[in-house]
Amino acid sequence: MKIKILHLYPDLLNLYGDKGNIECMRKRLMWRGIDAEVLTYTCEDTGFDLSDADIVFMGGGSDREQKIVCHRLLEHKDALGSYVEDGGTLVAVCGGYQLLGKYYKLEDETIKGLDILDIYTEQGKKRLIGNIVLQSDFIKEKIVGFENHGGRTYIGDYTPLGRVVYGYGNDEKSGAEGVVYKNVVATYLHGPLLPKNPALCDYILTNAIKRKNPNFEGLSPLDDTLEKTANEYIVNRFKK
Ligand code: GLN
């Protein structure tokens with residue numbers, strides 16, 4: 001089996017090195033003897049093919065970068081929408097997360113989103129910056145990370161990725177962080193999201209493999225002692 005990972009626009013959407021998450025997915029597959037092929041598409045490329053994609057990844061970027069990317073992305077609105085409805089795995093971080101919704105409203109203009117999820121984002125007065133810890137229904141361990149966003153995302157009745165234990169989350173007030181819809185995982189957690197949260201990485205990989213092979217019985221365990229120790233250290237550091 002070979003898992004095909006599409007990395008969209010790392011030339012612009014790569015704040016805090018979000019692209020390291022690709023390497024994490026590739027390595028955790030490889031350590032289980034599963035091949036992975038990574039295809040990278042920049043804004044210079046004319047298009048991408050989702051027909052045999054297993055995982056699509058989009059990182060975060062500044063407002064300026066999001067504006068550039070949005071035009072390119074909108075060319076693939078229908079294809080990405082069908083991919084998601086068909087159970088395709090999509091991981092979107094921060095700016096990428098915001099672009100999945102209807103729009104991202106800035107002070108003086110509005111960036112159009114893909115409208116794949118019925119959510120929207122509005123810029124707030126102060127930026128929400130800092131470490132963040134979540135309790136999630138999707139994995140046993142707490143999810144730890146770092147957030148830095150001016151936008152507040154309103155997810156309505158969708159299921160969040162987790163509840164905020166420490167930090168701001170989607171909109172500073174609701175206590176929700178990120179969104180999970182079918183096999184979409186979208187979150188404000190930047191940078192080494194998956195290396196810091198190997199169980200979340202495996203959750204995402206399992207979804208992608210099961211779509212390809214419904215009889216798949218699950219990933220074999222890896223020795224994540226170091227990763228788990230680091231994760232617990234952060235959880236304890238920000239315990240209230
Ligand atoms: N530009 C968006 C915001 O500030 C997303 C930023 C990001 O990806 N960190 O809300």
Side-chain angles (χ1 to χ4, degrees), residues 6-24 40-43 56-74 80 90-134 143-156 158 160-162 164 166-181 184-197 200 204 234:
L6 259 62
H7 189 186
L8 300 188
Y9 314 123
D11 48 334
L12 291 169
L13 300 181
N14 185 34
L15 223 49
Y16 304 111
D18 291 330
K19 72 176 175 196
N21 291 305
I22 299 279
E23 197 53 17
C24 182
T40 298
Y41 292 92
T42 70
C43 273
V56 174
F57 181 87
M58 284 196 283
S62 67
D63 296 346
R64 187 192 68 83
E65 289 159 341
Q66 278 174 276
K67 267 182 246 168
I68 303 171
V69 162
C70 113
H71 297 292
R72 268 277 176 238
L73 263 184
L74 286 171
L80 277 164
L90 170 62
V91 183
V93 173
C94 202
Y97 168 23
Q98 295 170 342
L99 289 174
L100 297 183
K102 287 187 173 303
Y103 59 83
Y104 172 26
K105 192 171 180 308
L106 300 164
E107 210 179 332
D108 45 7
E109 69 178 303
T110 299
I111 301 176
K112 214 165 149 26
L114 286 165
D115 201 6
I116 288 176
L117 303 179
D118 188 7
I119 63 176
Y120 64 96
T121 302
E122 289 178 350
Q123 193 174 44
K125 284 216 164 55
K126 69 163 190 171
R127 292 194 70 79
L128 308 177
I129 307 173
N131 290 289
I132 178 163
V133 178
L134 313 177
I143 298 175
V144 302
F146 175 77
E147 60 183 325
N148 180 357
H149 49 111
R152 275 69 170 159
T153 299
Y154 300 94
I155 65 166
Y158 283 97
L161 171 61
V164 176
Y166 181 92
Y168 298 107
N170 281 340
D171 58 20
E172 203 182 351
K173 296 203 173 95
S174 65
E177 203 297 311
V179 70
V180 174
Y181 170 73
V184 175
V185 173
T187 177
Y188 271 115
L189 274 57
H190 260 300
L193 167 72
L194 302 181
K196 278 182 175 173
N197 302 286
L200 181 62
I204 289 163
I234 295 293

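First listed ligand is number 1; within each ligand, the first listed atom is number 1.
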Which atoms of ligand 1 sit under 4.0 Å from any heavy atom of [X]?
X      : value
Arg127 : 3 (C), 4 (O)
Leu15  : 7 (C), 8 (O), 9 (N)
Asn148 : 6 (C), 7 (C), 9 (N)
Gly60  : 8 (O)

Next on the checklist: Surrounding CD of Glu109 (heavy atoms of other residues, nucleotides or ligands, distance under 6.0 Å), is the total greater than 12?
Outcome noted: yes
[X] near ligand 1 by a heavy-atom separation under 4.0 Å:
X      : result
Glu65  : no
His190 : yes
Tyr16  : no

Looking at [atom], what's its closest protein heavy atom, distance included?
atom                   : value
atom 2 (C) of ligand 1 : Gln66 OE1, 3.1 Å
atom 1 (N) of ligand 1 : Asp63 OD1, 2.5 Å
atom 8 (O) of ligand 1 : Cys94 SG, 2.9 Å
atom 6 (C) of ligand 1 : Gly61 O, 3.2 Å

Checklist entry - So, Glu177 versus Tyr168: side-chain donor-acceptor pair below 3.5 Å or not? => result no
Checklist entry - Can you tell me if Tyr181 and Asp118 form a side-chain donor-acceptor pair at under 3.5 Å? => result no
Check [X] against [Y] and note the closest heavy-atom contact, atom names and distance.
X      : Y      : result
Val69  : Cys43  : CG2-SG, 4.1 Å
Glu147 : Ile132 : OE2-CD1, 3.4 Å
Leu128 : Gly169 : CD1-O, 4.3 Å
Tyr97  : Thr153 : OH-CG2, 3.5 Å

For [X], is at least one N or O under 3.5 Å away from an N or O on ligand 1?
X      : answer
Ser62  : no
Gly150 : yes
Gly151 : yes

Checklist entry - Which word best sums up how the rings of Phe57 and His7 line up, parallel for under 30°, tilted for 30 to 60°, or perpendicular for over 60°? => result perpendicular
Checklist entry - For ligand 1, which part of Tyr188 has a heavy atom less than 4.0 Å away: the side chain, the backbone, both, or neither? => result neither
Checklist entry - Only one of Ile204, Leu161, Leu100 forms a side-chain contact (heavy atoms from CB on, under 4.5 Å) with Val184, so which one is it? => result Leu100
Checklist outcome for this item: Rounding to 0.5 Å, atoms CG (Leu12) and CZ (Arg72) come to a distance of 11.0 Å
